[in-house]
Amino acid sequence: MGASKEIRFDGRVAVVTGAGGGLGRVYALEFARRGAKVVINDFGGARDGAGPGAAGPADKVVDEIKALGGEAVANYDNVATANGGENIVKTAVDAFGKVDILVNNAGILRDKGILKMEPENWQAVLDVHLNGAFYVTRPAFAVMRDHGYGRIIMTTSAAGLYGNFGQSNYSSAKLGLVGFMNTLKLEGIKYNIKVNTVAPIAASRLTEDILPPDLLAKMNPAYVAPIVLYLGSEECNETGRIYNCGAGFYNRAAMMTSPGVVIGSGKKVPSVEDISVNWAKIMDLKGAKEYGQLNDLVLQDLLSALEGKKEPAQSGGGFAAVKDVFEKMPGAFQAGAAGGAAVVFQYCISGDGGGDWSVDIKNGACTIASGLHASPTCTLKIQAGDFLDLMNGKVNAMKAYTSGKLKIEGDIMKSQLLEKIFKF
Ligand code: NAI
């Protein structure tokens with residue numbers, strides 16, 4: 001393989017929480033070595049999070065970076081408080097003017113079987129991992145939005161993805177971070193903020209008595225750093241993914257959903273026995289796929305499974321030109337069916353005869369304007385030919401959407417109103 005372009009972070013500002021030791025320290029050193037200015041956050045507590053905290057761990061890593069000729073500042077805040085999170089981001093903004101990269105890495109362990117898991121041990125672990133990531137990410141996200149750039153890395157664990165005896169608190173917190181990422185990846189699209197999650201396996205004070213010594217010897221944290229840095233770089237176009245990484249082994253983990261089965265054609269509530277009879281079909285992961293967001297499940301697969309082999313809707317039609325559709329829209333509007341909804345649909349129709357039109361539904365009236373609306377509820381993007389096929393009943397909206405011909409941005413659920421409120 002030929003040498004690829006060096007991935008650098010000059011001009012970038014990275015915040016790494018829990019960077020006073022273990023994995024975080026290695027990430028921070030590598031970011032600095034490649035030109036980033038780094039905030040080294042570490043509270044400096046014990047492995048279980050106890051103790052008053054200490055400046056030593058963060059200071060030591062700052063010294064190491066400076067000795068290499070890099071730039072870094074220390075922060076000793078506790079990620080598990082809202083003030084701590086704000087202050088970590090403030091440290092970055094005060095010292096370096098922004099935050100481009102955030103690695104939510106700080107972590108503690110309080111392992112116990114469920115019956116011995118006192119609420120304070122549950123709470124402490126959720127506070128550091130899950131709440132801590134929220135407290136730091138929220139102010140960081142605001143700064144990233146203002147700069148139109150951000151790379152956020154969450155740290156989950158195989159314990160959360162797959163389970164690990166004695167770690168119910170930790171597993172819950174760690175999988176909570178995946179849920180956090182799943183929504184942030186959507187909220188970040190507009191601002192070029194990409195959010196990914198790593199599940200490391202590495203020798204550190206967290207794993208020294210969990211993994212066998214011969215295994216630990218192979219698991220230098222240095223093996224995890226390259227993928228974290230890649231996810232933190234401009235090169236990374238990925239968002240919303242999970243990666244296992246350790247000892248030179250890297251793979252992607254995903255939430256897969258089976259094709260499933262419609263029982264009783266959606267018109268009759270199935271019996272418990274119906275579920276039992278169909279169990280194998282519900283369970284079968286053959287043909288399973290990944291969803292990009294909730295609406296992909298609800299609007300694509302659930303509705304199209306219910307529609308089954310129904311013929312495409314044959315409503316109206318006879319349109320020869322895109323603009324004719326918008327001319328006829330006010331007349332085709334069914335105020336009763338709109339039920340008092342206030343929605344602005346923005347159509348962006350590309351290709352010959354296309355153009356931009358907004359359809360403003362408000363107070364039982366429908367107003368059409370050409371051009372782009374300042375704040376549409378949802379935007380529908382489609383080619384002129386496909387749009388005419390849709391409006392002439394040659395293809396139904398669900399098929400157009402599922403096949404990618406129709407793209408819907410913004411409040412996608414509202415787009416469902418369209419089929420009800422216009423009768424051409
Ligand atoms: P580590 O204990 O060496 O490093 C964690 C650092 O976080 C420590 O320096 C600690 O002082 C700091 N920290 C803890 N609570 C904090 C708080 N409230 N505020 C600020 N800093 C705090 O552990 P390691 O292994 O480097 O872990 C890093 C992350 O990777 C953790 O989130 C951990 O759960 C995760 N992880 C590690 C695995 C491994 O195999 N080492 C496996 C899966 C996940």
Side-chain angles (χ1 to χ4, degrees), residues 15-29 39-62 74-89 91 102-111 123-136 153-164 167 169-178 180 197-212 215-216 218-225 227-228 242-247 249 253:
V15 171
V16 183
T17 68
L23 288 158
R25 171 182 162 272
V26 180
Y27 305 156
L29 278 163
V39 174
I40 307 299
N41 157 263
D42 206 293
F43 172 68
R47 181 183 188 252
D48 65 358
D59 284 345
K60 208 163 148 270
V61 177
V62 169
N75 169 288
Y76 318 114
D77 277 290
N78 184 344
V79 296
T81 67
N83 277 345
E86 296 272 354
N87 215 31
I88 292 166
V89 172
T91 302
L102 167 63
V103 187
N104 285 307
N105 164 80
I108 61 167
L109 280 184
R110 293 194 179 192
D111 296 356
Q123 193 62 49
V125 165
L126 265 97
D127 278 347
V128 173
H129 292 276
L130 182 58
N131 297 340
F134 165 70
Y135 292 137
V136 187
I153 294 118
M154 306 288 177
T155 309
T156 186
S157 164
L161 297 174
Y162 314 114
N164 196 26
Q167 293 197 311
N169 51 357
Y170 182 69
S171 312
S172 306
K174 286 309 204 188
L175 204 59
L177 288 162
V178 173
F180 188 31
T197 297
V198 291
I201 303 177
S204 76
R205 72 171 182 173
L206 284 190
T207 45
E208 62 195 2
D209 60 0
I210 293 178
L211 297 171
L215 206 57
L216 283 174
K218 298 194 175 82
M219 301 218 163
N220 191 314
Y223 285 109
V224 180
I227 189 161
V228 169
I242 309 162
Y243 313 88
N244 287 299
C245 40
F249 181 64

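Numbering of ligands and ligand atoms starts at 1, following listing order. Every heavy atom of this structure was used, including side-chain atoms; hydrogens, water molecules and symmetry mates were not.
- Any N or O atom pair closer than 3.5 Å counts here, and Phe43 shares at least one such pair with ligand 1.
- Among protein heavy atoms, the minimum distance from atom 44 (C) of ligand 1 is reached at Tyr170 OH, 3.1 Å.
- Compare Ala19, Ala173, Gly22 by their heavy atoms: the one nearest to atom 3 (O) of ligand 1 is in Gly22.
- Side-chain contact check for Leu177 versus Thr197: every heavy-atom pair is 4.5 Å or farther apart.
- Under 4.0 Å from ligand 1, not a single heavy atom of Met219 appears.
- Residues Val125 and Leu109 have side chains not in contact (no heavy-atom distance under 4.5 Å, counting atoms from C-beta outward).
- No donor-acceptor pair closer than 3.5 Å links the side chain of Asn75 to the backbone N or O of Ile40.
- Of all the atoms in ligand 1, the ones that sit under 4.0 Å from a non-hydrogen atom of Thr207 are 39 (C), 40 (O), 41 (N).
- Remark: side-chain polar atoms of Asn41 are paired, donor with acceptor, to backbone N or O of Gly18 under 3.5 angstrom.
- Taking the side chain as every heavy atom from C-beta outward, Ile210 and Asp111 approach each other to under 4.5 Å.
- Between Asn244 and Leu161 the shortest side-chain heavy-atom distance falls below 4.5 Å.
- Contact annotation: the side chain of Tyr76 approaches that of Asp59 to within less than 4.5 Å [non-hydrogen atoms, C-beta and beyond].
- Of the heavy atoms in Asn78, both backbone and side-chain atoms come closer than 4.0 Å to ligand 1.
- Taking all heavy atoms of Gly160, Ala106, Ser157 into account, the minimum distance to atom 16 (C) of ligand 1 is reached by Ala106.
- Which parts of ligand 1 touch Asn41 is read off a 4.0 Å heavy-atom cut-off, strictly below it: atoms 20 (C), 21 (N).
- The backbone N or O of Val61 sits nowhere less than 3.5 Å from a side-chain atom of Arg25 that would complete a donor-acceptor pair.
- Using a 4.0 Å cut-off between heavy atoms, Lys174 contacts ligand 1 through its side chain alone, with no backbone atom that close.
- Looking only at heavy atoms of the protein, atom 9 (O) of ligand 1 is closest to Asp42 OD2, 2.5 Å.
- At a heavy-atom cutoff of 4.0 Å, ligand 1 is contacted by both the backbone and the side chain of Leu23.
- Here the heavy atom of the protein found nearest to atom 30 (O) of ligand 1 is Thr155 CG2, 3.4 Å.
- Of the candidates Val79, Ile210, Ile201, Val198, Val79 brings a heavy atom nearest to atom 19 (N) of ligand 1.
- Distance alone, capped at 3.5 Å, places no donor-acceptor pair between the Ser171 side chain and the Gly163 backbone.
- The shortest N or O to N or O distance between Arg205 and ligand 1 is below 3.5 Å.
- Note on ligand 1: Arg47 sits outside its first shell, no heavy atom being nearer than 4.0 Å.
- The single protein non-hydrogen atom nearest to atom 7 (O) of ligand 1 is Gly18 CA, 3.3 Å, given as residue, atom name and distance.
- Considering Thr155, Val26, Leu23 as possible partners of Val224, the one that fulfils the side-chain contact (heavy atoms from CB on, under 4.5 Å) test is Leu23.
- For ligand 1, the atoms closer than 4.0 angstrom to any heavy atom of Thr156 are 43 (C), 44 (C).
- One N or O on the side chain of Thr17 and one on the backbone of Asn105 form a donor-acceptor pair closer than 3.5 Å.
- Between Arg110 and Val128 there is no side-chain heavy-atom pair separated by less than 4.5 Å.
- The heavy atom nearest to atom 28 (C) of ligand 1, considering only Asn105, Leu206, Leu177, is found in Asn105.
- Here the closest non-hydrogen pair linking Tyr223 and Gly246 is CB-C, 4.4 Å.
- Here is the list of ligand 1 atoms found below 4.0 Å of a heavy atom in Gly107: 5 (C), 7 (O), 14 (C), 31 (C), 32 (O).
- Residue contact annotation: Gly44 has a non-hydrogen atom under 4.0 Å from ligand 1.
- More than 12 heavy atoms of other residues, nucleotides or ligands sit less than 6.0 Å from atom OH of Tyr243.
- Residue contacts with ligand 1 leave out Leu211, since none of its heavy atoms falls under 4.0 Å from the ligand.
- The protein non-hydrogen atom at the shortest distance from atom 42 (C) of ligand 1 is Pro200 O, 2.9 Å.
- Within ligand 1, counting atoms from 1 as listed, the ones closer than 4.0 Å to a heavy atom of Gly21 are 9 (O).
- At least one heavy atom of Ala202 sits less than 4.0 Å from an atom of ligand 1.
- Distances from ligand 1 to the non-hydrogen atoms of Ala199 include no value under 4.0 Å.
- Distances from ligand 1 to the non-hydrogen atoms of Leu109 include no value under 4.0 Å.
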